[in-house]
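The next block holds one structure in the form of structure tokens; read it before the comments.
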Amino acid sequence: MDLLNSSWFQPPTLLLTGIPGFEALQVWISIPLCVMYLIALLGNTTILFVIKNTPSLHEPQYIFLSMLAATDVGLSLSTIPTVLNVFLLNQREIEFHCCLTQMFFIHTFSSMESAILLAMAFDRFVAIRNPLHYTVILTHSRIIGMGIAAIVRGVMLMAPLSILLKRLSFCKGVILSHCYCYHPDVMKLACGPVKVNIIYGLCLVISSFGVDSVFIVISYILILKTVLGIASEDGRLKALNTCVSHIFTVFIFYVPLIILALIHRFGKFKTPLLHVTMANLFLFLTPVLNPLVYSLKTKQIRSSIHKILKGRVHLLK
């Protein structure tokens, strides 16, 4: 009891949650989850493999796409252990420091994805505004620099989250709302002063996701202004068509993220089903849909995949 009453008590383990009310069906629910993980990992690794082995795809647009795919692979790998443990094996316990580590990687990869989506918006702006100087402006060294900046920013912004949580005491239970560790969810279990955590979390959201989304909107305002200046209707449609995949990716990343953040901040519902649904959408939507969107919408990706598969079939024969 002395340990439990200690102002610095930290639980050795936390309990993850599947889908409330569907505990008896969790093994069956694990089947579509495994399929989604398979699609996410196979789809994104295929994108990486195709771009790496196709010289014609070594252009800025596809290099940024490979960065996005690598980030989605990292996000999927960060959550596989706990999600499958909960749904497939019904093992809900996660060690406290492992939870903080998973939380760090989930938030870091999310921040990196946001930064890469901003870089891709800038890429589309340059391609439409200055097509003749496209590869001159977006050189390989600059693209690599953007990728490194996304990684450094993600690590530097997200590392303090775990440190700030470790200073708190936890006395409101050990049951989390999701099947993975998410900062607002873990913070709600703390009984110590969380004002610093709240302020830092708000500053973090504004300085990363907020700033990125604002600049993405500005990029598309400038893109739209440039497109409207194109004389021919076919030219305008062709220019806008190059942005469709990116626009869709931005929506499937930011909409669940914003709704999940609002639910954790303001939502007070009798059933946690909405929390869980939005959390899982945030977890699976972008890694699963991104490779499908770009494979179906981008002719160069489709033709390169077809050529590689055709070559493998000939080798097998």
Side-chain angles (χ1 to χ4, degrees), residues 1-18 20 75 78-79 81-82 86 92-115 152-214 254 256-280 282-283:
M1 290 298 297
D2 291 337
L3 178 62
L4 292 173
N5 293 329
S6 170
S7 61
W8 292 104
F9 169 67
Q10 290 179 349
T13 59
L14 298 173
L15 291 179
L16 301 165
T17 302
L75 184 59
S78 299
T79 57
T82 56
V86 170
R92 297 173 54 200
E93 289 190 352
I94 180 171
E95 198 271 330
F96 181 76
H97 292 93
C98 289
C99 181
L100 296 184
T101 302
Q102 184 189 50
M103 183 192 72
F104 165 76
F105 280 110
I106 290 173
H107 286 281
T108 298
F109 281 120
S110 300
S111 174
M112 287 169 56
E113 182 144 352
S114 178
V152 171
R153 189 193 73 166
V155 171
M156 290 185 66
L157 285 178
M158 302 304 167
L161 289 178
S162 299
I163 298 171
L164 289 173
L165 283 175
K166 280 178 65 66
R167 57 179 270 278
L168 297 174
S169 56
F170 291 80
C171 59
K172 294 181 180 178
V174 294
I175 301 176
L176 298 171
S177 303
H178 310 308
C179 51
Y180 59 89
C181 294
Y182 186 63
H183 175 256
D185 195 23
V186 179
M187 185 178 66
K188 283 184 177 181
L189 299 180
C191 58
V194 295
K195 187 175 181 179
V196 174
N197 299 67
I198 294 172
I199 293 173
Y200 182 78
L202 180 62
C203 293
L204 185 151
V205 169
I206 293 172
S207 62
S208 55
F209 304 107
V211 170
D212 291 345
S213 59
V214 168
Y254 277 104
L257 179 65
I258 291 170
I259 295 175
L260 182 61
L262 290 175
I263 286 173
H264 272 285
R265 181 65 183 90
F266 302 107
K268 294 185 183 297
F269 305 99
K270 292 181 179 179
T271 172
L273 191 58
L274 182 61
H275 291 240
V276 175
T277 302
M278 293 313 303
N280 289 330
F282 168 68
L283 190 67

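For reference, positions follow the sequence shown, starting with 1.
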Which heavy atom of [X] sits nearest a heavy atom of [Y], and at what distance?
X: Thr17; Y: Val86; value: C-CG1, 4.2 Å
X: Arg167; Y: Pro193; value: NH2-O, 3.7 Å
X: Ser213; Y: Gly210; value: OG-O, 2.8 Å
X: Leu100; Y: Ser162; value: O-OG, 3.4 Å
X: Ser208; Y: Ser114; value: O-OG, 4.2 Å
X: Phe209; Y: Ser110; value: CE2-O, 3.5 Å

message: I'd like to know if the side chain of His183 and the backbone of His107 have a donor-acceptor N/O pair within less than 3.5 Å.
response: no
Flag, side chain of Asp185 to backbone of Ser177, donor-acceptor distance under 3.5 Å: yes
Hey, could you give me the [atom1]/[atom2] distance between [X] and [Y], rounded to the nearest 0.5 Å?
X: Leu161; Y: Leu165; atom1: CG; atom2: CG; result: 7.0 Å
X: His97; Y: Thr13; atom1: NE2; atom2: OG1; result: 12.5 Å
X: Phe104; Y: Ser78; atom1: CZ; atom2: OG; result: 9.5 Å
X: Leu75; Y: Glu113; atom1: CG; atom2: CD; result: 6.5 Å
X: Leu189; Y: Ser169; atom1: CG; atom2: OG; result: 11.5 Å
X: Phe105; Y: Met112; atom1: CZ; atom2: CE; result: 10.5 Å

field: Trace of the side-chain contact (heavy atoms from CB on, under 4.5 Å) decision for Cys181 with Ile94
entry: CA-CA 9 Å; Cys181 294; Ile94 180 171; 3.9 Å; yes
- prompt: Do the ring planes of Tyr180 and His178 sit parallel (below 30°), tilted (30 to 60°) or perpendicular (above 60°)?
  reply: parallel
Beyond-backbone contact of Glu93 with Leu15, side-chain heavy atoms, under 4.5 angstrom: yes
